[in-house]
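Structure, as structure tokens:
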Amino acid sequence: MSWITVLWSMLASACLTFALLHLFIWAKGIQPWANLSFAVAATAAAVITGMELMAMRAASIEQLAMILRWAHLPVLILWVAIVGFVRCYFDAGRPWLAWTVGILRGLALILSLTTGQNLFFDEITGLKPVTILGSDTISIAEGTLNPWYVVGPLSTLALAGFVLDAAFTMWRRGTDNGRRRAIIFSSSIIFFMLTAVGHTALVNAGVLDSPYIVGLSFMPILFAMSYELSHDLFHSVQLAHQLQANEAELRLSEQRMSLAASAADLRLWEWDIVHDEIWSTDKQRMLFGIALSEKISFEHFLSVLHDEDRERVRLSVEKSLKGNGHFESEYRIVYPDGRIIWVAARGRIEFDNGQPLRMLGVSIDITRRKQAELEVQQQRNELTHLSRVNLLGELSGSLAHELNQPLAAILSNAQAAQRFLARDKADIAEVLDILKDIVSEDRRAGAIIQRLRILLRKGEVRRLPLDVNKVVKDVLKLLQSDLVNQSITVTIDLDQKLPVVNGDRVQLQQVLLNLILNACEAMSRSKTSNRQLSVRTERADTDLIKVSVGDRGPGISPESLESIFQPFFTTKKQGMGLGLTICRNIISAHEGQLRASNSVGGGAVLHFTLPASPGVSV
Ligand code: ADP
């Protein structure tokens, strides 16, 4: 086989290999139009190379004329494919120039089929054998040139113009990458295109005795086009590798994070607010008692909360959605088997143009802490109750006396009624009056017992709107006989427009009872004329009320003004020193303050504040 055949066959195979490769990439959907254009261009170049070889080996004029006639079809396809590639890949080149290229090349094909023997020759007069490199002989056409021949080079010039224009556009876009491509691609296309066309013209004109080298000239163009495409492909592969590495890194940091979260016993969650879907770690789902496969919406999440917490959590979330985006709450979750656990959650909302997108957060099981808190609270309530019972113990003498009065009255009234009824003519009206008195005395005794029962009760702490003046009056009623027994005069100064407070009636009664009994105790050694107790309620501020209990006792030394609230501080023989500590705890739990001071005229004043409940009436 001659070296010409080997070389041209290799060229054609190379073009076909390129074509197949890019056809494969096109099928993968990577830059499909650019790769398809390239595959078509490479196939056309392969066909042209094959036809060139056939022309060189042509046995007759007719055979050569026909090959040269149809050679313009793959050339048309090649030109159009190059235009397509530039438009798809570089997104450049003027459409009208693209159309000009296509029309001129199409015209060249038509002229090749319709005028002369083909576009090159009007008539081929002979086949000239030419020996190349001293060994291989090929056939070259001789004859008169076709006057339409010029349309071919014109279409090539149009293609060169189109490519140049596209290169300018790429250059103007100004990225380094764009400029590099503009130079490499446009210069290689234009140089090799003009080489091919110029060489063909010289061969046809009989100036050069050489085979056609259109296929050969287009190899560098194909290389340039392929390089461009591969460059992107390699870049994509590089990016894919980088992405893989980043993903691995991400997975690793996720693992580290979940390890840290699980070590800290934290449960992570994310609420996609737009689609109302909550993602959470498996541990978090377990915490909520929600199956792994179940989709969690916000309402679903609320449904597993304790009835008493649901509305509070909903309001808290709504507040953070409208506010600064920070969410913090403690709530109970009720498992299907009735078990209750306490959870503390913290979250942060991400906004986009003021629209909440998602909330990211963590939760932690705080059941143990809550149980401990509850136990402490129970113990505190227990102590408070004991102290109350103790206080009432102090009052037992006077209370017994107070109870004795109505009981004695009932007894004497009942005896009088017996006497009336024993008479022959009983005065029924008189008996009825006596019975009325018995009922009223019985009610009095009942009221005393009722007040005691309330104080002795060991109930739950319940904060309700209440009138502090009423609390003061109730306590003073309870202490009435004790105060009389001790010859203490009481001045009551109650603000009639006192706002309502939110509080536990029994606990506030306890505080007042304690303060008044301490005041009485402080005045126990004073002269009877000096035993003056004052109880006052007033508005301390717009949203604060103040209750003061003053006495005319010895007062409290300045250094003890704070220490009297310390546990076990007492100056009494029988004292425990816990009364004021418990009172301060009660007032603090009501968000108020209990303080002591000395009044200018002598004696101590113990006063406490409580926040008013705006807009609430009793
Ligand atoms: P206790 O009554 O068992 O001593 P408290 O905590 O009620 O316990 O009182 C602590 C101490 O505070 C009393 O022992 C007393 O010294 C002092 N104290 C309380 N109220 C007054 C008061 N009105 N005047 C003077 N000292 C008082």
Side-chain angles (χ1 to χ4, degrees), residues 379-399 455-456 471-472 475-476 478-480 482-493 504 506-538 546-590 592-610:
Q379 283 164 359
R380 196 172 284 165
N381 287 349
E382 200 91 7
L383 194 65
T384 308
H385 178 251
L386 277 178
S387 153
R388 209 155 59 222
V389 173
N390 197 37
L391 278 177
L392 291 172
E394 282 180 35
L395 287 177
S396 56
S398 53
L399 282 172
L455 279 167
L456 285 170
V471 178
V472 171
V475 172
L476 285 174
L478 194 75
L479 288 168
Q480 204 174 11
D482 199 50
L483 293 169
V484 172
N485 283 347
Q486 294 188 53
S487 312
I488 294 173
T489 36
V490 189
T491 318
I492 311 168
D493 182 7
D504 182 88
V506 176
Q507 286 198 336
L508 291 182
Q509 278 186 0
Q510 179 175 353
V511 172
L512 272 166
L513 204 60
N514 204 138
L515 299 186
I516 294 172
L517 284 178
N518 274 353
C520 295
E521 168 85 31
M523 293 188 290
S524 58
R525 284 200 199 104
S526 308
K527 277 195 286 171
T528 334
S529 58
N530 261 354
R531 294 183 189 172
Q532 290 171 17
L533 175 83
S534 68
V535 184
R536 188 182 157 88
T537 62
E538 63 194 303
K546 185 174 171 185
V547 181
S548 319
V549 176
D551 62 62
R552 287 300 185 89
I556 303 162
S557 61
E559 62 276 10
S560 301
L561 280 174
E562 255 312 300
S563 35
I564 56 168
F565 297 103
Q566 297 293 324
F568 309 115
F569 179 98
T570 182
T571 53
K572 300 173 196 168
K573 261 191 197 160
Q574 309 277 315
M576 288 273 289
L578 284 175
L580 288 180
T581 312
I582 292 169
C583 288
R584 193 172 244 191
N585 280 343
I586 293 175
I587 296 300
S588 300
H590 282 76
Q593 286 184 333
L594 171 62
R595 295 243 158 86
S597 59
N598 288 308
S599 55
V600 190
V605 185
L606 276 105
H607 43 88
F608 62 85
T609 56
L610 289 172

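Counting starts at 1 for both ligands and their atoms, in listed order.
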Exercise. Going by atom types alone, do Asp482 and Gln486 pair a side-chain donor with an acceptor below 3.5 Å?
Worked result: yes
For this session: Could you pull out every protein residue that has a heavy atom closer than 4.0 Å to ligand 1, ordered by chain and then number?
Result: Asn514, Asn518, Ala519, Ala522, Asp551, Gly555, Ile556, Ile564, Phe569, Thr570, Thr571, Lys572, Gly575, Met576, Gly577, Leu578, Gly579, Leu580, Ala604, Leu606
For this session: Flag yes if more than 12 heavy atoms outside Lys527 fall under 6.0 Å of its NZ atom; otherwise flag no.
Result: no
With a 4.5 Å cut-off on side-chain heavy atoms, are [Y] and [X] touching?
X      : Y      : answer
Leu594 : Leu515 : yes
Leu578 : Asn390 : no
Leu391 : Leu517 : yes

Problem set entry | Sequence-distant partners of Ser588, side-chain hydrogen bond (donor to acceptor under 3.5 Å, both in side chains), two or more places apart | none
